[in-house]
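Below, each value reflects all heavy atoms present in this structure, side chains not excepted, and no hydrogens, waters or symmetry copies.
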Amino acid sequence: MNVAGVIDRVRVLLQDPTGIRWSDTELLNAIAEAQQFVANVRPDSTSSVIDLVVTADTFYSELPSTARRVLDVLGTSAGDTVTNVKMAVLDRHAPAWRTESGSKIKHYIYEDRDPSRLYVYPKPTSDTTLRVLVSANPSNTVSLSGTLSVDDSYVASIVDLTASRALEKESSSASFGKAGSFKQAAMDRMKIISGADASNSPQANEAEVRK
């Protein structure tokens with residue numbers, strides 16, 4: 001959705017249609033913060049597929065600065081499947097895995113404590129391109145002529161969070177109360193989306209079929 005449309009909705013909630021109390025700059029900064037918040041809570045809100053090259057004879061690759069974390073590895077550009085395995089499992093059953101080489105990457109390892117790297121096993125003997133589903137970093141700056149970085153299904157949450165942030169500059173207890181209500185509404189909306197995603201995911205449907 002375009003950013004100007006989000007600001008129009010926020011101004012309705014703030015009862016400030018002509019921008020007397022809150023400037024466009026203030027609301028644009030609040031939208032940028034709201035996008036970061038949503039992306040942290042729901043990494044899939046900015047999902048994108050990228051090509052990540054694993055250099056020959058190396059067992060990991062650095063994610064680009066545009067990606068905040070890995071969601072999944074879809075395989076190699078050649079069409080080979082690459083499955084996920086925990087580092088603790090490899091350390092236990094193949095303690096020398098970081099030194100082992102192979103013509104094809106079989107597994108990937110991703111550690112939440114090290115979100116900027118994707119590890120692979122075995123390390124490839126030639127450069128290999130992986131198709132990686134990542135959560136992209138929302139832009140730190142937004143403009144009136146731009147569009148949101150998050151999926152449109154999160155527009156209502158962005159509006160609520162932006163209004164909440166704007167009201168935090170007010171000193172009255174009533175404004176703080178409204179700010180809290182808007183933030184809670186945003187969280188509730190995201191929980192509803194999470195529940196709907198879970199119940200309608202292919203994995204859930206597959207389980208129903210197996211039953």
Side-chain angles (χ1 to χ4, degrees), residues 1-50 63-72 110-117 132-201 203-204:
M1 183 176 180
N2 63 75
V3 172
V6 173
I7 285 186
D8 287 342
R9 295 188 186 188
V10 172
R11 290 201 181 283
V12 170
L13 291 180
L14 296 175
Q15 298 180 352
D16 185 34
T18 57
I20 294 175
R21 189 68 186 88
W22 289 274
S23 68
D24 284 346
T25 299
E26 286 179 296
L27 296 184
L28 288 171
N29 289 337
I31 289 173
E33 292 179 8
Q35 289 193 139
Q36 294 289 344
F37 184 89
V38 169
N40 279 324
V41 175
R42 287 299 306 261
D44 59 309
S45 66
T46 59
S47 62
S48 176
V49 177
I50 65 170
L63 294 181
S65 59
T66 54
R68 66 193 300 120
R69 63 178 294 109
V70 171
L71 300 178
D72 197 2
Y110 186 68
E111 290 284 310
D112 290 329
R113 296 168 298 178
D114 188 17
S116 64
R117 289 190 181 93
V132 184
L133 182 67
V134 300
S135 174
N137 280 313
S139 175
N140 286 321
T141 59
V142 294
S143 66
L144 284 172
S145 59
T147 58
L148 293 180
S149 299
V150 300
D151 186 82
D152 282 352
S153 60
Y154 296 93
V155 168
S157 290
I158 293 293
V159 170
D160 287 337
L161 289 169
T162 302
S164 174
R165 191 66 168 141
L167 285 168
E168 286 178 356
K169 89 169 190 177
E170 302 292 281
S171 58
S172 69
S173 58
S175 293
F176 276 112
K178 286 183 179 179
S181 296
F182 281 132
K183 187 170 184 178
Q184 186 59 54
M187 295 298 295
D188 290 343
R189 292 179 194 279
M190 285 189 279
K191 287 179 182 178
I192 291 172
I193 293 174
S194 296
D197 286 347
S199 62
N200 292 291
S201 72
Q203 289 85 355

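- Here the OG-CG distance, from S153 to D44, works out to 8.0 Å after rounding to the nearest 0.5 Å.
- Summarising the geometry, atom CG belonging to L133 is positioned 6.0 Å from atom CG belonging to D72; distances are rounded to the nearest 0.5 Å.
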**OP:** Go through the steps to decide whether L13 and K178 satisfy the test side-chain contact (heavy atoms from CB on, under 4.5 Å), and finish with yes or no.
**Re:** CA-CA 10 Å; L13 291 180; K178 286 183 179 179; over 6 Å; no
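- When all heavy atoms of P115 and Y110 are compared, the pair lying nearest together is O-OH, 3.0 Å.
- Using a distance-only test at 3.5 Å, with no hydrogens or angles considered, a donor-acceptor pair links the side chain of Q36 to the main chain of P138.
- With values rounded to the nearest 0.5 angstrom, L14 atom CG is found 12.5 Å from I20 atom CD1.
- The shortest distance between side-chain heavy atoms of V155 and V159 falls below 4.5 Å.
- Smallest separation of non-hydrogen atoms from T46 and A39: CG2-CB, 4.3 Å.
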**OP:** Would you sort out whether S143 and V3 count as a side-chain contact (heavy atoms from CB on, under 4.5 Å), showing the intermediate values?
**Re:** CA-CA 7 Å; S143 66; V3 172; over 6 Å; no
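- Nearest heavy atoms, A136 versus R68: O-CD, 3.6 Å.
- Counting heavy atoms from C-beta outward, L148 and I31 have side chains that approach closer than 4.5 Å.
- Residues satisfying the salt bridge (charged side-chain N to carboxylate O under 4.0 Å, His left out) criterion with D24, sequence neighbours excluded, are R11.
- Here the CZ-CD distance, from R21 to E26, works out to 7.5 Å after rounding to the nearest 0.5 Å.
- Note on residues 27-37: pairs passing salt bridge (Lys or Arg N to Asp or Glu O under 4.0 Å), not counting sequence neighbours, are E33-R165.
- Summarising the local packing, CZ of R69 is surrounded by more than 12 heavy atoms from other residues, nucleotides or ligands at distances under 6.0 Å.
- We find the CH2-CG distance between W22 and N29 to be 15.0 Å, quoted to the nearest 0.5 Å.
- With sequence neighbours left out, the salt bridge (charged side-chain N to carboxylate O under 4.0 Å, His left out) criterion links D151 to no other residue.
- Separating the CD atom in Q35 from the OG1 atom in T162 is a distance of 8.5 Å, to the nearest 0.5 Å.
- Side chain of S139 to backbone of V142: no donor-acceptor contact under 3.5 angstrom is found.
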**OP:** Would you please test L63 and R117 for side-chain contact (heavy atoms from CB on, under 4.5 Å) and show each step?
**Re:** CA-CA 6 Å; L63 294 181; R117 289 190 181 93; over 6 Å; no
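- In terms of modelled atom types and a separation under 3.5 Å, the side chain of S164 and the main chain of D160 share no donor-acceptor contact.
- A donor-acceptor pair shorter than 3.5 Å can be found between the side chains of D188 and Q184.
- Judged by distance alone, with hydrogens and angles left aside, the side-chain atoms of Y154 form no donor-acceptor pair with the main-chain N or O of V38 at under 3.5 Å.
- Not a single donor-acceptor pair under 3.5 Å links the side chain of T147 to the backbone N or O of N2.
- Smallest separation of non-hydrogen atoms from A186 and S157: O-OG, 3.2 Å.
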